[in-house]
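First the structure, in the form of structure tokens, and then the observations on it.
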There are 2 protein chains.
Amino acid sequence: MSDSHRGWKDEVYGQVARVGKALASPRRLEILDLLGQEPKSVEELARELGASVANTSQHLRQLSTARLVRSHKRGTYVIYELASPAVAALTASVEDASEALLLELVALRQRGFGDPTDADPLPLDQLHALVACQAVYLIDVRPAAEYAARHLPGAVSVPLPMLAEHFRGWSSPMPVVAYCRGRYCLYARDAVRFLHQQGIRARRTEASVRDWPWEESATG
Amino acid sequence: MSDSHRGWKDEVYGQVARVGKALASPRRLEILDLLGQEPKSVEELARELGASVANTSQHLRQLSTARLVRSHKRGTYVIYELASPAVAALTASVEDASEALLLELVALRQRGFGDPTDADPLPLDQLHALVACQAVYLIDVRPAAEYAARHLPGAVSVPLPMLAEHFRGWSSPMPVVAYCRGRYCLYARDAVRFLHQQGIRARRTEASVRDWPWEESATG
DNA sequence: CAAGTATTCAAGTGAGTGCTATAATATTGC
DNA sequence: GCAATATTATAGCACTCACTTGAATACTTG
């Protein structure tokens with residue numbers, strides 16, 4: 001009985017495992033998070049990953065055969081992007097589950113944000129409210145291209161290298177809130193540390209373009 | 001800049017990849033689906049999988065070190081169970097994503113349910129309504145132990161081997177709806193085929209205990 | 001058409017994985 | 001305590017995977 005279904009089940013779970021295998025490498029997971037920000041070229045991904053171009057290309061090939069990403073050519077570059085929003089939802093699920101199950105991961109993340117000057121992150125719902133009534137100065141500290149692709153409504157683009165220049169002579173009493181790529185990105189942490197050094201009220205949030213309630217292409 | 005965060009990112013994504021690796025094997029995915037029904041012993045899982053006990057034990061060990069499952073002893077048996085509801089949600093996410101991304105999987109599933117006598121499955125919301133007003137006879141064709149652990153409200157336990165006996169002399173005009181473990185289980189299909197042969201109005205649903213809106217331990 | 005550049009292919013290596021078969025380790029029931 | 005049984009550990013095999021290196025491909029630009 002159960003035996004007569006064996007072949008079919010093997011095939012079915014074999015297919016699901018194609019997706020599972022794609023999620024089995026740290027590099028590939030990081031690639032998926034990066035592509036969740038914005039489509040990127042192989043070279044750019046390799047630079048972000050600190051990996052060789054050839055190696056990055058191979059990982060992208062695997063993600064591609066598992067249908068998690070797709071590519072098209074733009075000029076001399078091959079631009080990779082997530083195959084669908086379902087992929088961003090999938091990686092979010094895996095990361096959520098990991099945080100729920102692995103104490104090590106929670107500890108590791110606390111270690112990254114453990115400096116006493118790193119205030120608690122601003123929760124998503126509070127951010128929503130504060131931005132709506134313009135009570136905070138929301139900055140997007142990712143590279144400009146990622147801001148251009150998609151950003152939180154009301155946010156100002158201040159890439160990390162521009163931070164000092166942007167806040168030179170800053171005297172507004174309005175508190176600053178910084179966001180970056182999300183949970184596993186330290187840009188916002190670095191920004192907040194710098195602003196604190198300058199005596200500017202600042203806080204980070206773990207919200208990112210992934211979490212924001214998106215109406216299609218509303219890039220306010 | 002990005003380089004100074006490298007070590008931390010490697011560790012973080014390494015942790016997430018622990019969960020990813022656990023999802024990278026067809027056998028382990030099937031184990032997670034089976035444990036989503038009910039906690040089971042190694043021996044029982046091995047029988048369901050058509051795998052050796054030793055091999056099953058090894059897979060369970062991997063799932064265990066990734067914290068997706070946990071175990072406790074009952075008599076001479078070691079009973080494995082999902083570590084938390086988050087694991088069931090995770091496997092559901094992976095399967096959802098696979099179905100959204102892999103045409104092969106959709107085709108494969110259609111092949112399993114492609115017989116013209118297999119009517120379209122009853123959607124979850126319709127099932128909810130029909131059960132609420134007692135317009136259908138809902139049968140749970142999984143093994144009795146899984147029914148005992150958890151079942152849809154209003155369902156009657158009719159394990160597949162008991163099907164013929166249960167419906168001998170059946171004359172009610174009420175249509176039968178059969179459910180089993182879910183999307184990748186063929187028990188409900190087999191039950192509906194049999195009932196059709198007997199001239200009984202029957203339909204399957206892909207709803208399962210995983211999909212039902214559960215209030216805690218309401219096993220109506 | 002030629003040069004330059006972005007990407008992919010191919011081969012090689014060391015580590016890891018899935019499976020089998022066999023032995024070892026409980027733990028229960030007599 | 002001894003036999004029976006459920007589970008896990010160990011060793012070995014074929015295979016896959018991640019990464020590196022060096023060459024090949026494809027496309028743009030002059």
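Letters go in sequence order (proteins before strands), and every chain restarts at 1.
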Are [X] and [Y] ion-paired here, with the side-chain N under 4.0 Å from a carboxylate O?
| X | Y | result |
| --- | --- | --- |
| B/Glu11 | B/Lys9 | no |
| B/Glu206 | B/Arg109 | yes |
| A/Glu146 | A/Lys40 | yes |
| B/Asp96 | B/Arg183 | yes |
| B/Arg67 | A/Glu104 | yes |
| B/Arg6 | A/Glu30 | yes |

Query raised in the report: Over its full length, what angle do the end axes of the helix from C/dC1-D/dG30 to C/dC30-D/dG1 make, each axis taken from five pairs and the result rounded to 10 degrees?
Result: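 For the helix from C/dC1-D/dG30 to C/dC30-D/dG1, the axes at opposite ends meet at about 30°.
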Query raised in the report: Does a side chain donor of either B/His59 or B/Arg28 reach within less than 3.5 Å of an acceptor in the other side chain?
Result: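 A donor-acceptor contact under 3.5 Å links the two side chains.
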Report task. Decide whether B/Arg18 and B/Gln15 meet the rule of one side-chain donor and one side-chain acceptor closer than 3.5 Å. Result ->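 There is such a pair (donor and acceptor under 3.5 Å, judged by atom type) between the side chains of B/Arg18 and B/Gln15.
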Requested in this report: Please test A/Leu152 against A/Leu127 for side chain to side chain contact (heavy atoms under 4.5 Å, CB included), starting from the C-alpha separation and ending with a verdict.
Outcome: CA-CA 11 Å; A/Leu152 298 190; A/Leu127 175 66; 4.1 Å; yes
Requested in this report: Round to the nearest Å and state the distance from B/Leu49 atom CG to D/dT7 atom P.
Outcome: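 Going from B/Leu49 (CG) to D/dT7 (P), I get 13 Å.
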Query - Length of the line joining B/Glu43:CD and D/dA4:C1', which is rounded to integer Å - result: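 Atom CD in B/Glu43 sits about 13 Å away from atom C1' in D/dA4.
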Query raised in the report: If the sugar-phosphate is the primed atoms plus P, OP1 and OP2 and the base is the rest, what is the B/S/- string for nucleotides 8-26 of chain D, using protein heavy atoms under 4.0 Å?
Result: BBB-------SBBB-----
Query - Side chain A/Ser57, main chain A/Val53, donor-acceptor under 3.5 Å - result: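 A pair under 3.5 Å: no.
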Query - Along DNA chain C, first and last positions that approach a heavy atom of chain A under 4.0 Å - result: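 Endpoints of the contacted stretch of DNA chain C: C/dA6 to C/dA10.
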